[in-house]
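Here the structure comes first, spelled out in structure tokens, and everything after it is commentary.
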Amino acid sequence: MFKYFFTYIDRIPKESRNELFSAQHLLALAMVACAWVLIILLFKNRTTKAKWKAIKCMSMLLPLLELAQMLWYKSIGEFSWGYTLPLHLCSLMSIILPVMAFTGNSLLQEYSYAIGLAPALMTLLTPDVYYYPAVSFIYMQTMVVHGIICLIPLFMVFCMDFRPDIRKLPRVMAILVCFALMMIPVNHFTGGNYFFLRYPAAGSPMESFAGLVGSPWYLIPTFMLGCVLWIIFYLPFMVLRRAEVKNSVKMPAAAVKEEEKEHVLTG
């Protein structure tokens, strides 16, 4: 089972490699989802201080796991300045989420929900290391990292009454665009593909888009897919906020009617 745990993919026999949505992949997804539910239930009724401490601990696991990944690539002679730095869309969260956790910045909280949740969830469903055996360092590291990136915003929603606000989305997108622009020269000098600006991630929907429209035009349908996911993720909170506004309008009107009724009864 652990024969190829630290082995690079080129040295793993084809018959031992994994596939998307195989039994191993589905089992890994189920384990990640169960971990989300257990942690949320465990902290649901804890104090706010305990919840923030949990977020800090979870966020600090991310840079440690990213460092472990870089050391692994270095140890097997596959370290690359154009691939293994924590500058991908999700791996950059290993820097952003600890900053958010220790500062409590509201815009970074929104960023963790809008930019962290959807891409990390897509990576769990279509990991770019899907061909590694499920019991391998890089596969498990990928699932755990992206599981934590998803868990933190979910934890804030279900345990800390965080309510995503679509009105902040333009500012979040501005931050994302700034990061993407910063990756252009980085990709140029390292020959890398950070933010997948040069070619799509293997096994991802981007790969299908690239087959249809080519590179770099696959970024357009990828952005459109992101917009669909944003609508799905933000819609429940938009409905909830609208209902709260309606209730707040009705309550004063009901109070006025009750006061008029009392005035009539008392003469």
Side-chain angles (χ1 to χ4, degrees), residues 9 18-22 25-26 28-29 32-33 80 82-94 96-97 107-108 110-132 139 142-143 145-147 149-150 152-154 157 164-188 190-239:
I9 188 63
N18 203 354
E19 294 181 2
L20 282 177
F21 304 112
S22 64
H25 184 196
L26 294 176
L29 289 174
V32 170
S80 166
Y83 180 78
T84 49
L85 296 178
L87 296 177
H88 293 287
L89 183 60
C90 286
S91 59
L92 193 61
M93 298 300 288
S94 66
I96 294 171
L97 284 175
L107 189 57
L108 291 183
E110 199 73 37
Y111 187 96
S112 72
Y113 182 84
I115 308 300
L117 185 57
L121 184 59
M122 291 302 299
T123 302
L124 287 172
L125 294 174
T126 58
D128 59 351
V129 293
Y130 68 89
Y131 34 75
Y132 277 89
Y139 189 90
T142 297
M143 299 301 283
V145 164
H146 292 87
I149 294 171
C150 288
I152 289 177
L154 291 174
V157 168
D165 188 350
I166 199 168
R167 293 171 297 183
K168 294 181 180 178
L169 193 54
R171 284 187 286 167
V172 168
M173 290 177 63
I175 295 174
L176 177 63
V177 170
C178 287
F179 283 143
L181 292 175
M182 290 167 61
M183 295 307 135
I184 293 175
V186 173
N187 286 336
H188 176 74
T190 64
N193 187 36
Y194 295 114
F195 273 50
F196 301 110
L197 297 178
R198 298 178 63 193
Y199 52 87
S204 72
M206 287 186 287
E207 194 170 47
S208 300
F209 296 150
L212 292 172
V213 299
S215 297
W217 306 111
Y218 66 87
L219 293 171
I220 296 174
T222 299
F223 175 74
M224 293 172 64
L225 175 61
C227 290
V228 172
L229 293 174
W230 280 332
I231 291 171
I232 294 171
F233 288 163
Y234 274 94
L235 187 59
F237 301 100
M238 294 167 64
V239 172

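Annotation: the span from E19 atom CD to Y131 atom OH amounts to 14.0 Å, rounded to 0.5 Å. Atoms CD1 and CD1, on I96 and I152 in that order, are 11.5 Å from each other to the nearest 0.5 Å. To the nearest 0.5 Å, the span separating CG on L197 from OG on S215 amounts to 11.0 Å. Remark: I175 CD1 to L108 CG distance equals 6.0 Å, nearest 0.5 Å. Atoms CD1 and CG, from I149 and L154 in turn, are 12.0 Å apart once rounded to the nearest 0.5 Å.
The backbone N or O of G191 lies less than 3.5 Å from a partner atom in the side chain of R198, making a donor-acceptor pair. Y199 places no side-chain N or O within donor-acceptor distance of the main-chain N or O of A210, the cut-off being under 3.5 Å. Between the side chain of Y139 and the main chain of V129, no donor-acceptor pair closer than 3.5 Å is present. Without hydrogens or angle criteria, E110 side chain to V172 main chain gives no donor-acceptor distance under 3.5 Å.
Contact check for Y234 versus Y113: side-chain heavy atoms found under the 4.5 Å cut-off. Between L26 and F21 there is a side-chain heavy-atom pair separated by less than 4.5 Å. At least one side-chain heavy atom of M93 sits less than 4.5 Å from a side-chain heavy atom of S112. Between F179 and I115, the closest side-chain pair of non-hydrogen atoms is not below 4.5 Å. Counting only heavy atoms from C-beta outward, the side chains of N193 and H88 never approach each other to under 4.5 Å. Put simply, the side chain of Y111 does not reach to within 4.5 Å of the side chain of R171, judged on heavy atoms. Taking the side chain as every heavy atom from C-beta outward, T126 and E207 never approach each other to under 4.5 Å. Taking the side chain as every heavy atom from C-beta outward, P127 and H146 never approach each other to under 4.5 Å.
Partners of S22 by side-chain hydrogen bond (donor to acceptor under 3.5 Å, both in side chains), not counting sequence neighbours, listed by chain and number: N18.
The nearest pair of heavy atoms linking H25 to L125 is CE1-O, 2.9 Å. The shortest non-hydrogen separation linking C150 to A120 is SG-CB, 3.6 Å. Here the closest non-hydrogen pair linking G147 and L124 is N-CD2, 4.0 Å. For A114 against P119, the heavy-atom pair with the smallest separation is O-CD, 4.4 Å. Shortest non-hydrogen contact noted between V186 and T190 is O-OG1, 2.7 Å.
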Test M182 against F195 for side-chain contact (heavy atoms from CB on, under 4.5 Å), laying out the working first. CA-CA 10 Å; M182 290 167 61; F195 273 50; over 6 Å; no

May I have the step-by-step check of side-chain contact (heavy atoms from CB on, under 4.5 Å) for L85 and Y194, ending in yes or no? CA-CA 9 Å; L85 296 178; Y194 295 114; 3.2 Å; yes

Residue pair V213, I220: steps toward the side-chain contact (heavy atoms from CB on, under 4.5 Å) verdict: CA-CA 9 Å; V213 299; I220 296 174; over 6 Å; no

List the steps, then state whether side-chain contact (heavy atoms from CB on, under 4.5 Å) holds for F237 with D165. CA-CA 7 Å; F237 301 100; D165 188 350; over 6 Å; no

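Remark: of the listed residues L89, T222, D128, D128 is the sole one forming a side-chain contact (heavy atoms from CB on, under 4.5 Å) with F196.
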